[in-house]
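Down below is the structure, laid out as structure tokens.
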Amino acid sequence: MNQNDMQKALWDAAKKGDKEKIRMLVVAGADVTAMDDEGRTALNIASQNGQADAYKTLLAAREMQELMRAGVTLENDGGASDKYKGRAA
């Protein structure tokens, strides 16, 4: 699947509220912030179609993509994971 097809599939999954497909597409490289022909992101599409769970999934995916773009990894998180050490899950 090429990038364009992946983006279209992400927008469709956002519209339908298909969280599993959203996760699969994001892991495969779909960009949560990419806009369709109407200037909407997957987040906009999920919101406009009342897909609250898909919206939450996309928010988490966007945060993950932003951290990855900034170069933050589990090995290089600037100590961010330290605040969770010692806390009960």
Side-chain angles (χ1 to χ4, degrees):
M1 182 180 282
N2 67 36
Q3 189 67 31
N4 192 44
D5 290 340
M6 221 182 320
Q7 289 306 137
K8 288 179 182 178
L10 180 65
W11 298 323
D12 185 58
K15 182 177 182 178
K16 293 177 180 175
D18 189 339
K19 297 182 303 181
E20 293 304 316
K21 191 167 190 178
I22 289 168
R23 288 183 189 109
M24 179 193 73
L25 290 162
V26 169
V27 168
D31 184 355
V32 176
T33 62
M35 290 186 229
D36 68 5
D37 294 336
E38 297 177 33
R40 302 174 304 167
T41 66
L43 281 161
N44 299 133
I45 294 168
S47 176
Q48 290 169 352
N49 287 280
Q51 301 294 351
D53 289 339
Y55 186 85
K56 292 175 190 175
T57 300
L58 288 160
L59 277 176
R62 184 182 69 184
E63 290 296 318
M64 179 190 71
Q65 287 179 343
E66 288 175 357
L67 289 171
M68 289 172 64
R69 285 184 188 122
V72 176
T73 64
L74 290 177
E75 295 81 29
N76 178 23
D77 66 0
S81 63
D82 291 341
K83 67 181 177 182
Y84 300 108
K85 291 179 182 172
R87 290 189 179 175

Can you check whether Asn4's main-chain N or O pairs, donor with acceptor, with Asn2's side chain at less than 3.5 Å? yes
Would the distance check show the side chain of Gln3 and the main-chain N or O of Gly29 forming a donor-acceptor pair, the cut-off being under 3.5 Å? yes
Name all pairs fulfilling the salt bridge (Lys or Arg N to Asp or Glu O under 4.0 Å) condition that reach into residues 29-48, sequence neighbours left out, sorted by first residue then second. Asp31-Arg69, Asp36-Arg40, Glu38-Arg40
Can you establish whether the number of heavy atoms outside Met35 located under 6.0 Å from its atom CE is more than 12? no
Check step by step if side chain to side chain contact (heavy atoms under 4.5 Å, CB included) holds for Gln7 and Trp11. CA-CA 6 Å; Gln7 289 306 137; Trp11 298 323; 3.9 Å; yes
With Arg62, the side chain to side chain contact (heavy atoms under 4.5 Å, CB included) member among Thr33, Thr57, Thr41: Thr33
I'd like to know whether Leu43 forms a side chain to side chain contact (heavy atoms under 4.5 Å, CB included) with Leu59, so could you lay out the CA-CA distance, the side-chain angles of the two residues, the decisive distance to 0.1 Å, and finally the verdict. CA-CA 7 Å; Leu43 281 161; Leu59 277 176; 3.9 Å; yes
Linking I/L/V/M/F/W/Y whenever any side-chain heavy atoms sit under 4.5 Å apart, do Val32 and Tyr55 land together? yes
Atom pairs and distances, donor-acceptor, side-chain atoms in residues 19-27, under 3.5 Å, two or more places apart:
| unit_1 | atom_1 | unit_2 | atom_2 | d |
| --- | --- | --- | --- | --- |
| Glu20 | OE2 | Arg23 | NH1 | 2.5 |

For Asp53, what residues pass the salt bridge (Lys or Arg N to Asp or Glu O under 4.0 Å) criterion, not counting sequence neighbours? none
Nearest heavy-atom approach of Lys15 to Gln51 is O-NE2, 3.3 Å
Specify the closest pair of heavy atoms between Ala14 and Ala54, including all atoms of both residues, with the distance to one decimal. O-CB, 4.3 Å
Could you tell me if the side chain of Leu10 sits less than 4.5 Å from the side chain of Leu58, heavy atoms only? yes
